[in-house]
K.L.:
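Got a structure for you, questions after.
To find a chain, count down the sequence lines: A is the first, B the second, and so on, and within it residues start at 1.
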There are 2 protein chains.
Amino acid sequence: MAKAPGEPMSVVTALVRASFLVNAAYAESAKEYGLTPQQGQLLCVLMAQPYGMSELGAVLRLAKSSLTELVDRTAQRGLVRREPDPCDRRAVRVTLTEQGGELAEAFYAETCRRIDLLPAGLSAEERATLAALLGRVVLDNNVPVVFKDTEENGEAVPAR
Amino acid sequence: MAKAPGEPMSVVTALVRASFLVNAAYAESAKEYGLTPQQGQLLCVLMAQPYGMSELGAVLRLAKSSLTELVDRTAQRGLVRREPDPCDRRAVRVTLTEQGGELAEAFYAETCRRIDLLPAGLSAEERATLAALLGRVVLDNNVPVVFKDTEENGEAVPAR
DNA sequence: CCTTGTGATTCGGAACCCGAACTATTTTAT
DNA sequence: ATAAAATAGTTCGGGTTCCGAATCACAAGG
């Protein structure tokens, strides 16, 4: 049966509902920059380095055809471009254009700002604990780096 | 600049990447039941009670037209139905059919099982702490109940 | 040199998203 | 009591996203 109101939330429910919250903040941030969430995610992934399509598809967990079209649409806007792979004439590498790089940085910063507001009700120590635990879940499950980690996006967890 | 490998992950990055992880598990669970993630989410929300379209749209954070079509598709499959609102002839109420209720329960249980595996590398105490902190973030941000909370989905946080 | 495997694209089909406009009904103002 | 305004929900046009199968070009292996 459903829990009584005062009863604490399970970790499963907390993860699902937190995900819903983060998705909404991410989508709002993307919208502010005239991006769709998928385009925003593509730009964020490419901030680290150019990627081949196969690897990019693995990182984003998309079917090959889905990725081809996402890259098509994003390239159409001048934000990314396909470059020939010098080592393999079948392959292309996807990289940010100058315009795409600038938009990616701005979108990334705004997304960091918005997401950083979500745990505002926690103390610094609680934030650090949350980051440590959630970070371990992320690492344990080999989540690809769909969002880079820098000092600029919220204070880092103090070293142990 | 990017952090050194050993440096802890920020709470912002942890939230975004954890969200990616949860989304993937959710989508896999939906697929196993022949549902799309959106249909699964609709079913989960309706497990609690029937909803009017306006309230349902608010909970799911969808435009009115998006919800109309989502309900159309899900009703087409016999999983939900629209009922007239006895108090307001403009309004309809969306409720689960018997078939939809059964599928919702199965999908919900499987999703709980999958999500419950994600923090498997944490101790029971760490899970409780994660649930408490993430739960507070969820409550602080007024996240709608897009996923119900019962004793069955992972152990609850011990009472304080 | 031929066969197999890989990288990426194309295609058909479906789901999903939203804003504007519309219809029916309820609520509010006169 | 009637008209105007607001609300509930649907329709429509346009766009994004998803995927499996099929295809072509190229690389690797036999």
Side-chain angles (χ1 to χ4, degrees), chain A residues 20 23-24 26-45 50-77 79-95 107 146, chain B residues 20 23-24 26-45 50-77 79-95 107 146:
Chain A
F20 184 86
N23 290 345
Y26 199 96
E28 281 169 24
S29 186
K31 187 167 189 174
E32 183 168 322
Y33 286 87
L35 296 167
T36 68
Q38 290 307 94
Q39 290 165 355
Q41 193 171 65
L42 176 64
L43 296 190
C44 283
V45 166
Y51 279 93
M53 295 290 280
S54 301
E55 192 177 4
L56 201 44
V59 167
L60 292 171
R61 297 202 185 160
L62 288 176
K64 302 197 290 181
S65 48
S66 304
L67 181 61
T68 295
E69 288 168 353
L70 175 58
V71 171
D72 281 351
R73 290 189 294 274
T74 317
Q76 175 85 8
R77 298 186 48 179
L79 302 179
V80 304
R81 66 172 175 272
R82 288 175 166 92
E83 297 176 335
D85 186 317
C87 305
D88 188 335
R89 286 166 56 195
R90 292 171 298 175
V92 300
R93 252 182 331 198
V94 186
T95 186
F107 166 67
V146 292
Chain B
F20 184 86
N23 289 346
Y26 199 97
E28 280 168 26
S29 186
K31 186 166 189 171
E32 185 168 321
Y33 286 88
L35 295 169
T36 69
Q38 289 308 94
Q39 290 164 356
Q41 192 171 65
L42 176 63
L43 297 191
C44 283
V45 167
Y51 279 94
M53 295 290 280
S54 302
E55 192 175 3
L56 202 44
V59 167
L60 293 170
R61 294 199 187 165
L62 288 175
K64 301 197 292 180
S65 48
S66 304
L67 181 61
T68 296
E69 288 170 352
L70 176 59
V71 171
D72 281 350
R73 291 188 290 274
T74 316
Q76 176 83 8
R77 300 187 48 181
L79 303 179
V80 303
R81 67 172 174 272
R82 287 177 168 90
E83 295 176 336
D85 185 317
C87 306
D88 187 335
R89 286 164 54 197
R90 296 171 297 178
V92 300
R93 258 190 316 207
V94 185
T95 186
F107 166 67
V146 290

K.L.:
Check nucleotides 1-4 of chain D against the protein and report each pair of N or O atoms closer than 3.5 Å, with its distance, or say if there are none.
P.N.:
none

K.L.:
Return the set of residues passing salt bridge (charged side-chain N to carboxylate O under 4.0 Å, His left out) with B/Glu69 (not counting sequence neighbours), or none when no residue passes.
P.N.:
none

K.L.:
Which pairs with one or both residues in residues 54-65 of chain B pass salt bridge (Lys or Arg N to Asp or Glu O under 4.0 Å), sequence neighbours excluded?
P.N.:
none

K.L.:
Kindly write out the residues that satisfy side chain to side chain contact (heavy atoms under 4.5 Å, CB included) with B/Ser54, not counting sequence neighbours, or none if the list is empty.
P.N.:
none

K.L.:
Applying salt bridge (Lys or Arg N to Asp or Glu O under 4.0 Å), which residue pairs with at least one partner in residues 81-90 of chain B are found, sequence neighbours left out?
P.N.:
B/Asp72-B/Arg82, B/Arg81-B/Glu83, B/Asp88-B/Arg90

K.L.:
Apply side chain to side chain contact (heavy atoms under 4.5 Å, CB included) to A/Ala63 and list each qualifying residue two or more places apart in sequence or on a separate chain.
P.N.:
A/Ser65, A/Ser66

K.L.:
Can you give one letter per nucleotide of nucleotides 17-30 of chain D, going 5' to 3': B for a protein heavy atom under 4.0 Å from the base, S for sugar-phosphate only, - for none?
P.N.:
BBBB----BBS---

K.L.:
Without decimals, in angstroms, what is the distance between B/Glu83 CD and D/dA8 P?
P.N.:
19 Å

K.L.:
If we ignore angles and hydrogens, is there a donor and acceptor under 3.5 Å between the side chains of A/Gln38 and A/Arg73?
P.N.:
no

K.L.:
What are the 5'-most and 3'-most nucleotides of DNA chain C lying under 4.0 Å from any heavy atom of chain A?
P.N.:
C/dG5 to C/dG19

K.L.:
Is the shortest heavy-atom distance from the side chain of A/Val80 to the side chain of A/Leu43 under 4.5 Å?
P.N.:
yes

K.L.:
Could you list the residues that satisfy side chain to side chain contact (heavy atoms under 4.5 Å, CB included) with B/Glu28, not counting sequence neighbours?
P.N.:
B/Arg114

K.L.:
At under 4.0 Å between heavy atoms, what does A/Arg82 touch on the DNA or RNA strands: base, sugar-phosphate, or nothing?
P.N.:
sugar-phosphate

K.L.:
Mind checking side chain to side chain contact (heavy atoms under 4.5 Å, CB included) for B/Ala58 and listing every partner two or more places apart, or none if nothing turns up?
P.N.:
none

K.L.:
Excluding sequence neighbours, so at least two apart, what forms ring-ring contact (aromatic ring centres under 6.0 Å, His included) with B/Phe20?
P.N.:
none

K.L.:
When we call it a touch if two heavy atoms are under 4.0 Å apart, what does B/Ser54 touch: a base, just sugar-phosphate, or nothing?
P.N.:
sugar-phosphate

